[in-house]
Amino acid sequence: MHFLITGGSGLIGTRLCQALLQAGHQITILSRHPGVVQKKWGHAVSIISSLNEWHPDIFFDVIINLAGEPIADAAWTEARKKLLWDSRVTLTTELVARIEASHRKPALLLSGSAIGYYGDCGDASLTESAPAGSDFAARLCLAWEQQALRATQLGVRVCLLRTGLVLTAKGGLLGRMWLPFKLGLGARLGNGRQWMSWIHIEDYVAMVFKLISADDANGAYNMTAPCPQTNAQFTQQLARAVHRPAWFVAPAFLLSALLGSRSILLLGGQQVLPTRMLNDKFVFKYPQLDAALSSLARIA
Ligand SMILES: NC(=O)c1ccc[n+]([C@@H]2O[C@H](COP(=O)([O-])OP(=O)(O)OC[C@H]3O[C@@H](n4cnc5c(N)ncnc54)[C@H](OP(=O)(O)O)[C@@H]3O)[C@@H](O)[C@H]2O)c1
């Protein structure tokens with residue numbers, strides 16, 4: 001099959017591209033940095049740097065829409081919020097317009113979203129039917145999903161990837177945590193009671209493959225492992241995985257002062273359950289955090 005992947009150069013996209021190529025698929029990546037992507041993949045993938053390059057005659061079987069300016073990397077000023085919005089919501093609107101213009105529609109659009117969709121929900125456990133929250137990240141996810149869902153009116157099957165904290169050996173959340181934890185400087189964040197709903201990258205990729213092959217799959221899927229942990233539990237398990245203690249606490253007031261409204265990403269959380277995947281009998285390779293972290297610590 002021929003895949004178009006927006007954000008195919010990112011943390012998740014790179015691993016997905018590897019797995020799709022291994023499975024014998026053809027890939028086109030949308031990237032603002034075609035030279036960088038070309039250097040990484042050589043001629044294994046095709047590259048477009050703008051959706052304008054998608055001629056209506058070109059047929060993609062599946063579109064995976066992962067592009068988005070990193071949400072945690074800089075303060076949420078109005079200019080930054082616009083960038084976060086445009087790189088997800090506006091880009092998805094354009095993507096659906098291109099699908100509409102194409103002579104032969106793709107069968108499937110897998111479109112990114114995040115568990116931030118639910119907002120900060122305390123201890124409530126959340127299935128896919130829980131309502132959207134009201135903070136900026138939640139409104140961003142809701143609008144992102146709504147734009148993607150418009151493709152259903154064009155006869156395209158749409159699955160929404162409500163993604164949890166993706167655990168990888170390099171990069172992403174853990175990429176920032178390995179070093180301080182390995183130095184014994186790991187710290188609980190605030191009171192540590194906020195939930196962290198995580199997913200091992202290999203399970204994430206396997207879930208995507210399942211959604212591609214299940215012709216009746218559509219709508220929102222929580223892309224998380226079945227055993228979310230509180231931040232205090234996560235901190236202790238990560239410390240154990242690197243054989244160091246984690247005695248410190250990063251106080252909530254300090255994180256709020258340093259990060260402003262973005263601190264909700266660290267001090268808030270969601271206890272998210274992958275209910276639809278479990279109902280569909282998806283078998284997790286890494287259902288438990290300790291095994292997921294040990295497997296990644298070995299190659300980090
Ligand atoms: N990783 C996680 O734990 C996690 C959790 C929840 C949700 N998500 C969401 O899942 C998606 C993929 O995650 P990821 O971790 O793979 O992200 P990533 O590593 O930051 O990659 C995102 C990709 O989006 C593209 N991009 C960035 N800024 C852009 C902009 N202003 N306009 C257009 N494209 C832009 C980049 O591609 P080019 O530079 O090649 O153009 C980049 O490769 C993201 O939308 C993210 O919000 C991720």
Side-chain angles (χ1 to χ4, degrees), residues 4-19 27-41 45-53 63-74 76 79-95 110-118 136-138 140-145 147-148 159-177 196-205 207-208 220-225 228 234 262 264-266 268-270 272 274 292 296:
L4 171 64
I5 308 187
T6 79
S9 61
L11 181 81
I12 299 173
T14 298
R15 183 64 198 100
L16 259 179
C17 286
Q18 283 167 347
I27 293 176
T28 297
I29 293 176
L30 171 70
S31 172
R32 297 159 305 161
H33 307 107
V36 178
V37 177
Q38 176 88 67
K39 211 169 162 191
K40 181 147 91 183
W41 294 106
V45 304
S46 306
I47 306 160
I48 56 174
S49 57
S50 154
L51 284 174
N52 293 333
E53 291 172 46
I63 300 178
I64 305 182
N65 179 31
L66 297 171
E69 190 74 29
I71 195 148
D73 279 12
W76 288 352
R80 181 77 189 164
K81 283 185 186 171
K82 183 170 175 347
L83 200 54
L84 294 168
W85 194 273
D86 286 347
S87 62
R88 291 179 174 77
V89 184
T90 310
L91 189 141
T92 305
T93 308
E94 286 169 14
L95 189 61
L110 293 170
S111 195
S113 180
I115 56 172
Y117 172 92
Y118 302 110
F136 171 70
L140 176 64
C141 289
L142 178 64
W144 193 10
E145 292 190 2
Q147 289 310 309
C159 293
L160 305 166
L161 311 173
R162 285 198 191 142
T163 303
L165 302 163
V166 178
L167 304 185
T168 51
K170 308 250 188 289
L173 174 79
L174 283 183
R176 295 167 188 213
M177 295 174 87
M196 296 177 70
S197 298
W198 56 275
I199 180 78
H200 190 294
I201 185 72
E202 293 311 319
D203 277 332
Y204 190 96
V205 169
M207 283 175 172
V208 167
Y221 284 82
N222 288 339
M223 305 289 280
T224 60
F234 193 100
R262 205 165 35 123
I264 194 169
L265 297 175
L266 299 181
Q270 307 81 11
V272 175
L296 295 167

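Reckoned from all heavy atoms, side chains included, excluding hydrogens, waters and symmetry mates. Remember, it's 1-based here, ligands and their atoms both numbered in the order they're listed.
Note: K40 NZ to S31 OG = 9.0 Å, rounded to the nearest 0.5 Å. Atoms OG and OH, on S113 and Y118 in that order, are 8.0 Å from each other to the nearest 0.5 Å. Rounding to the nearest 0.5 Å places CZ of R15 at 13.5 Å from NZ of K170. From E94, atom CD reaches atom CD of Q147 across 10.5 Å, with rounding to the nearest 0.5 Å. The CG atom of L11 lies 4.5 Å from the OG1 atom of T168; values are rounded to the nearest 0.5 Å. Interatomic distance, L110 CG to I64 CD1, rounded to the nearest 0.5 Å: 5.0 Å.
Closest to atom 20 (O) of ligand 1 by heavy atom, among G13, S31, P70, A72, is P70.
The aromatic ring centroids of F234 and W198 lie 6.0 Å or more from each other.
Taking only nitrogen or oxygen atoms, main chain and side chain alike, L165 does not reach within less than 3.5 Å of ligand 1. Some N or O of G10 is nearer than 3.5 Å to an N or O of ligand 1, by distance alone. Looking at I12 next to ligand 1, an N or O pair under 3.5 Å apart turns up. Between V166 and ligand 1, at least one pair of N/O atoms sits closer than 3.5 Å. Residue-to-ligand polar distances place G68 within reach of ligand 1: an N/O pair is separated by less than 3.5 Å. Considering backbone and side-chain atoms alike, R88 places an N or O below 3.5 Å from some N or O of ligand 1. The shortest N or O to N or O distance between S87 and ligand 1 is not under 3.5 Å. The shortest N or O to N or O distance between S113 and ligand 1 is not below 3.5 Å.
No heavy atom of Y204 sits closer than 4.0 Å to any atom of ligand 1.
For W144, every heavy-atom contact with ligand 1 shorter than 4.0 Å involves the side chain, none the backbone.
With hydrogens left out, the protein atom closest to atom 17 (O) of ligand 1 is L11 N, 4.4 Å, a heavy atom. Considering only non-hydrogen protein atoms, atom 28 (N) of ligand 1 sits nearest to E69 OE1, 3.1 Å. In terms of protein heavy-atom proximity, atom 45 (O) of ligand 1 is closest to L66 O, 3.0 Å. Residue, atom and distance of the protein heavy atom nearest to atom 23 (C) of ligand 1 are G7 CA, 3.6 Å. Looking at atom 5 (C) of ligand 1, its nearest protein heavy atom turns out to be G164 O, 3.1 Å. Looking at atom 42 (C) of ligand 1, its nearest protein heavy atom turns out to be S9 OG, 3.8 Å. Counting protein heavy atoms only, atom 26 (N) of ligand 1 is closest to R32 NH2, 3.4 Å. Scanning the protein heavy atoms around atom 6 (C) of ligand 1, the nearest turns out to be T163 O, 3.3 Å.
No option in Q270, E145, M223 other than E145 meets the side-chain contact (heavy atoms from CB on, under 4.5 Å) test with R162.
Within ligand 1, counting atoms from 1 as listed, the ones closer than 4.0 Å to a heavy atom of A67 are 24 (O), 34 (N), 45 (O). Interface atoms of ligand 1 facing A114, defined by a heavy-atom separation under 4.0 Å, are 6 (C), 7 (C).
Closest of all the heavy-atom pairs between Q18 and W41 is CG-CH2, 3.5 Å. Here the shortest heavy-atom pairing between R262 and D73 reads NH1-C, 3.6 Å. What you find for S9 and T14 is that their closest heavy atoms are O-OG1, 3.2 Å.
Counting only distance, with no hydrogens or angles, the side chain of W76 and the backbone of I71 share a donor-acceptor pair below 3.5 Å. The main-chain N or O of G164 is never found under 3.5 Å from a side-chain atom of S197 such that the two would form a donor-acceptor pair.
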